[in-house]
Amino acid sequence: MISASPCKIVSALSVTSEDTMLTPELQAALAAVVGAAHIRTDDESLIAYGTDALKRGHAADLVVLPANTQEVASVVRLCAGARVPIVPRGAGTGYTGGAVPLQGGVVLSLERMNRIIEIDELNLIAIVEPNVVTGELQAAVEKAGLFYPPDPASLKESVIGGNVAECAGGPRAFKYGTTKKYVLGLEAVLPTGEIIVTGGKVVKNVVGYDLTQLLVGSEGTLAIITKIILRLIPKPPVWATLRASFIDVEAAVAAVTNITRARVIPATLELVDGESLEAVANYLQVRSLAPAGTGAVLLLEVDGVAAAVAEEASRVEQACREAGATEVLRARDEGERQELWRVRREISHSLKVITPLKFNHDVVVPKGRIPELFALVRRLRDEYRLRIPCFGHAGDGNIHVNIMVDPGDAAEIARAHEAEPILFRGVIAMEGSISGEHGIGFSKMPFVPLELSPDEIALMKRVKQAFDPMGILNPGKMFP
Ligand SMILES: Cc1cc2nc3c(=O)[nH]c(=O)nc-3n(C[C@H](O)[C@H](O)[C@H](O)COP(=O)(O)OP(=O)(O)OC[C@H]3O[C@@H](n4cnc5c(N)ncnc54)[C@H](O)[C@@H]3O)c2cc1C
């Protein structure tokens with residue numbers, strides 16, 4: 001995204017073993033901790049563990065796969081003694097390069113720590129190791145009639161530890177909140193090797209600073225999370241799914257306003273703009289997904305007890321029709337529900353067909369200002385001659401603005417880079433934020449000073465220094 005970088009960020013990954021700070025003695029000591037079978041040194045692994053969904057990375061010098069908290073702490077102590085950088089890694093689906101070992105060193109993959117330790121139905125709690133796949137935890141708790149609402153679209157691959165480290169959101173955030181709302185306690189290993197436990201099984205706890213919430217969203221820069229205590233809620237028994245079509249984004253956003261006025265909070269309220277619809281229709285070769293005259297669709301779900309769902313679904317439908325919906329479909333069964341969601345689910349794949357390179361921004365504005373955000377995007381499209389399909393979580397104002405560029409077109413890439421800071425300044429002026437859920441990593445780092453003041457950044461750096469005096473945990477991330 002930003003070409004200038006203090007570190008060796010390479011788009012075509014190369015292994016840089018000649019630069020490694022890892023001595024054979026340290027490598028042998030790490031192998032003694034986790035077992036030689038749980039160390040990766042081959043080029044293919046060093047490259048694979050050196051990137052994430054951003055697709056721009058830096059090869060690791062060594063990949064270490066500990067089995068438990070004690071092994072994590074021993075690995076950290078050995079690396080700290082040799083001042084070798086450590087980068088924690090979940091599933092590697094992050095969009096901002098958070099799990100990329102920018103300065104080489106050890107990638108500490110938590111993939112062997114993937115157990116659901118306990119589902120405590122009485123206290124509405126789940127205790128998990130960090131690399132439990134989010135969707136698998138959801139399925140497990142739902143079997144007990146419980147619900148873990150955070151639902152990043154990556155939920156079939158991403159893991160709870162990565163979700164906690166990024167404070168992942170998703171379509172259900174408007175009604176149910178993001179990951180932070182569900183984290184009651186953590187066990188974590190500090191970059192100096194101590195094991196700490198924050199929070200616990202209780203929903204009320206006001207002793208000392210709230211270290212749990214400080215670690216949530218800290219992007220692997222403050223501590224390595226080794227255990228997570230999560231709050232669960234009862235599973236909503238019934239839901240209704242609707243898809244409303246509109247001639248343009250403005251009409252769809254008017255419907256969102258009407259729904260708020262009708263005092264309904266849908267479980268999901270997703271918006272897909274015309275350019276994204278067109279991409280999906282082309283990708284799936286189904287023209288009816290982007291019919292002429294449809295410039296935006298809303299995908300909505302309401303959930304709860306049956307009587308309330310029926311009543312709220314009717315109010316939502318009416319709110320859409322009053323905003324000029326040209327069509328409102330309501331799923332009659334699970335098959336139809338999946339069909340209505342198809343457009344939303346296929347967007348990511350469809351955009352890749354337009355061009356393989358996108359600058360994927362997850363900006364967020366107060367819901368009432370979404371029309372201003374779309375007006376700004378239209379201006380950028382016209383002035384900078386860019387393709388910018390948008391979709392996302394209209395319920396909470398978190399819109400994915402995808403600037404599509406041809407990797408071989410340097411002029412187009414330059415125009416995109418010019419447009420990015422204008423987009424970010426615009427959302428900040430709208431009282432929004434440059435990232436609602438994907439975090440900063442290294443790709444958004446240059447833009448942080450647009451949103452945070454020098455005093456705020458200095459304070460955050462002092463927090464980092466207090467946790468990580470040697471600066472070995474995930475260095476080169478978050479703050480320029
Ligand atoms: C197709 C797709 C759809 C997506 N949709 C969404 C979405 O709807 N909402 C959303 O919020 N995000 C979304 N994302 C982004 C991504 O899935 C999330 O940021 C997710 O939380 C990352 O989890 P992960 O396990 O892959 O973490 P990784 O990418 O492995 O790591 C992310 C960060 O967390 C740190 N980390 C990982 N594990 C630990 C640990 N145990 N302790 C300390 N630090 C750790 C890493 O160092 C890194 O900084 C999407 C990504 C893709 C590819």
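Indexing begins at 1, ligand by ligand and atom by atom, following the structure's order. Just the heavy atoms: all of them, side chains too, but no hydrogens, waters or symmetry mates, feed the values below.
For atom 14 (N) of ligand 1, the closest non-hydrogen atom on the protein side is Ser154 OG, 3.8 Å. Among protein heavy atoms, atom 15 (C) of ligand 1 sits closest to Thr93 O, 3.6 Å. For atom 27 (O) of ligand 1, the closest non-hydrogen atom of the protein is Gly162 CA, 3.5 Å. The protein non-hydrogen atom at the shortest distance from atom 37 (C) of ligand 1 is Gly90 N, 3.5 Å. Protein heavy atom in closest approach to atom 25 (O) of ligand 1: Ala91 N, 2.9 Å. Of all protein heavy atoms, the one closest to atom 21 (O) of ligand 1 is Asn163 ND2, 2.9 Å. Nearest non-hydrogen protein atom to atom 29 (O) of ligand 1 is Gly94 N, 2.9 Å. For atom 1 (C) of ligand 1, the closest non-hydrogen atom on the protein side is Tyr95 OH, 3.6 Å.
Applying the 6.0 Å contact sphere to NZ of Lys464 captures more than 12 heavy atoms from other residues, nucleotides or ligands. Residue Lys201 places its NZ atom among more than 12 non-hydrogen atoms of other residues, nucleotides or ligands, all under 6.0 Å distant.
Neither the backbone nor the side chain of Asp151 has a heavy atom within less than 4.0 Å of ligand 1. With a 4.0 Å cut-off on non-hydrogen atoms, Val159 touches ligand 1 through its backbone as well as its side chain.
Under the 4.0 angstrom criterion for non-hydrogen atoms, Ala223 is in contact with ligand 1.
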ask   = Under the side chain to side chain contact (heavy atoms under 4.5 Å, CB included) criterion, do Glu431 and Val365 qualify, and how do the steps go?
value = CA-CA 6 Å; Glu431 303 170 278; Val365 295; over 6 Å; no
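Side-chain N/O atoms of Glu437 and Thr178 include no donor and acceptor closer than 3.5 Å. In this model, no donor atom of one side chain and acceptor atom of the other lie less than 3.5 Å apart for Asp468 and Thr221. Side-chain contact check for Thr93 and Glu157: no donor-acceptor pair (N or O, by modelled atom type) lies under 3.5 Å. Side chains of Asn163 and Thr179: no donor on one and acceptor on the other come within 3.5 Å.
Counting the atoms of ligand 1 from 1 in the order shown, those under 4.0 Å from a heavy atom of Ala165 are 34 (O), 35 (C), 36 (N), 44 (N), 45 (C). The Ala168 neighbourhood of ligand 1 comprises atoms 11 (O), 21 (O), with distances under 4.0 Å to a heavy atom of that residue. Listed by atom number, the atoms of ligand 1 under 4.0 Å from Asn474 heavy atoms are 47 (O), 49 (O). Taking every non-hydrogen atom of Leu110 and a distance limit under 4.0 Å, the qualifying atoms of ligand 1 come out as 40 (C), 41 (N).
Residues Glu270 and Trp341 are in side-chain contact: their nearest non-hydrogen atoms beyond the backbone lie under 4.5 Å apart.
Of the candidates Ala153, Gly97, Pro152, Gly169, it is Gly169 that places a heavy atom closest to atom 11 (O) of ligand 1. Taking only non-hydrogen atoms, the option from Arg345, Glu157, Glu166 nearest to atom 33 (C) of ligand 1 is Glu166.
A salt bridge does not link Lys175 to Asp396: none of the charged nitrogens lies less than 4.0 Å from a carboxylate oxygen. Salt bridge Lys156/Glu136: absent, no basic N to carboxylate O contact under 4.0 Å. Ion pair Glu219/Lys477 not flagged as a salt bridge, since none of the NZ, NE, NH1 or NH2 atoms sits closer than 4.0 Å to an Asp/Glu carboxylate oxygen.
For Glu219, a nitrogen or oxygen atom sits less than 3.5 Å from a nitrogen or oxygen atom of ligand 1, counting backbone and side chain alike. Between Pro88 and ligand 1, a contact under 3.5 Å exists for at least one N or O pair.
The two residues Tyr49 and Val107 have their closest heavy-atom pair at O-CG2, 3.7 Å.
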